[in-house]
Structures are given as C-alpha cells and as structure tokens.
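Each remark here refers to the structure printed beneath this line.
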Amino acid sequence: MDPDRPDTFWYHVNSMGLPPEAPARASWEAGTLTVERRSDRGTARHTFRVDDGVLTHAAGLRLGKASEFTPFMTTVCRRVPEGASIPA
C-alpha cells in the first residue's frame with residue numbers, strides 16, 4: 001500500500017528472463033481492483049473482483065497506438081469443497 005495515496009502497488013515478475021518492471025499502481029473502485037501496467041509495447045489492464053466467494057480475474061491488452069483494450073483472458077476461481085474430488 002502507498003502511505004500517501006489510496007493505491008496498492010503490483011509487483012510483476014515473469015519467468016522469461018526479462019528484468020523486473022517497476023511496480024504498477026492499482027486502485028479500488030466499487031469492489032474491483034484494477035491494475036494497469038505500461039511498457040514500450042503497450043498497456044495491460046487486469047481487474048480482480050470477488051462476488052459470492054468467486055474470484056474473477058480479467059485481462060485486456062492495448063498494444064501500440066490502439067485506443068481500446070482487447071480482452072485477453074478471464075479466469076474464474078472457485079473454492080473446491082473440502083473432501084470433494086477434482087476431475088482429472
């Protein structure tokens with residue numbers, strides 16, 4: 001957390017051998033955490049939201065001089081009840 005602003009920092013580390021990027025600022029609005037990471041290639045926007053115990057992470061990309069974000073992926077995470085079997 002940033003003590004001077006109501007922001008959260010996101011530190012992104014990849015396994016592709018690139019040097020670590022500077023932290024991105026994240027902000028909360030209406031129960032959604034939004035993070036935008038900027039690089040020379042463009043901007044990635046990640047949103048995280050929990051509704052009824054379900055975490056949804058959506059990511060979009062805006063490459064080059066594009067004006068809009070293109071959806072890249074959506075991940076939905078649910079708890080597996082204790083003792084439940086997970087299909088292979």
Side-chain angles (χ1 to χ4, degrees):
M1 297 294 294
D2 184 339
D4 298 323
R5 296 174 54 186
D7 291 346
T8 301
F9 290 116
W10 169 318
Y11 290 90
H12 175 78
V13 179
N14 70 48
S15 61
M16 301 303 290
L18 298 173
E21 298 174 5
R25 287 195 179 269
S27 59
W28 287 98
E29 185 176 328
T32 299
L33 178 66
T34 300
V35 181
E36 286 192 5
R37 293 187 306 115
R38 292 171 179 78
S39 74
D40 294 339
R41 298 180 308 262
T43 303
R45 177 186 288 163
H46 299 264
T47 59
F48 300 87
R49 183 168 186 85
V50 177
D51 288 306
D52 296 323
V54 176
L55 169 65
T56 302
H57 166 221
L61 298 173
R62 185 175 63 203
L63 300 176
K65 297 183 187 270
S67 60
E68 300 291 323
F69 282 90
T70 300
F72 175 70
M73 72 172 186
T74 300
T75 306
V76 178
C77 302
R78 294 178 179 84
R79 289 182 185 255
V80 175
E82 190 172 329
S85 62
I86 300 173

Counting only pairs under 3.5 Å, give me each side-chain donor-acceptor contact of residues 56-74, with atom names and distances, residues two or more places apart or in other chains.
unit_1: His57; atom_1: NE2; unit_2: His46; atom_2: ND1; d: 2.9

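- Residue Val35 comes nearest to Phe48 through the heavy atom pair CG2-CE1, 4.5 Å, listed as atom of the first residue, atom of the second, then distance.
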Could you pull out all donor-acceptor pairs under 3.5 Å where a side-chain atom in residues 38-45 meets a protein atom, sequence neighbours excluded?
unit_1: Arg38; atom_1: NH2; unit_2: Glu36; atom_2: OE1; d: 2.9
unit_1: Ser39; atom_1: OG; unit_2: Arg41; atom_2: N; d: 3.1
unit_1: Arg45; atom_1: NE; unit_2: Glu36; atom_2: OE2; d: 2.8
unit_1: Arg45; atom_1: NH2; unit_2: Glu36; atom_2: OE2; d: 2.7

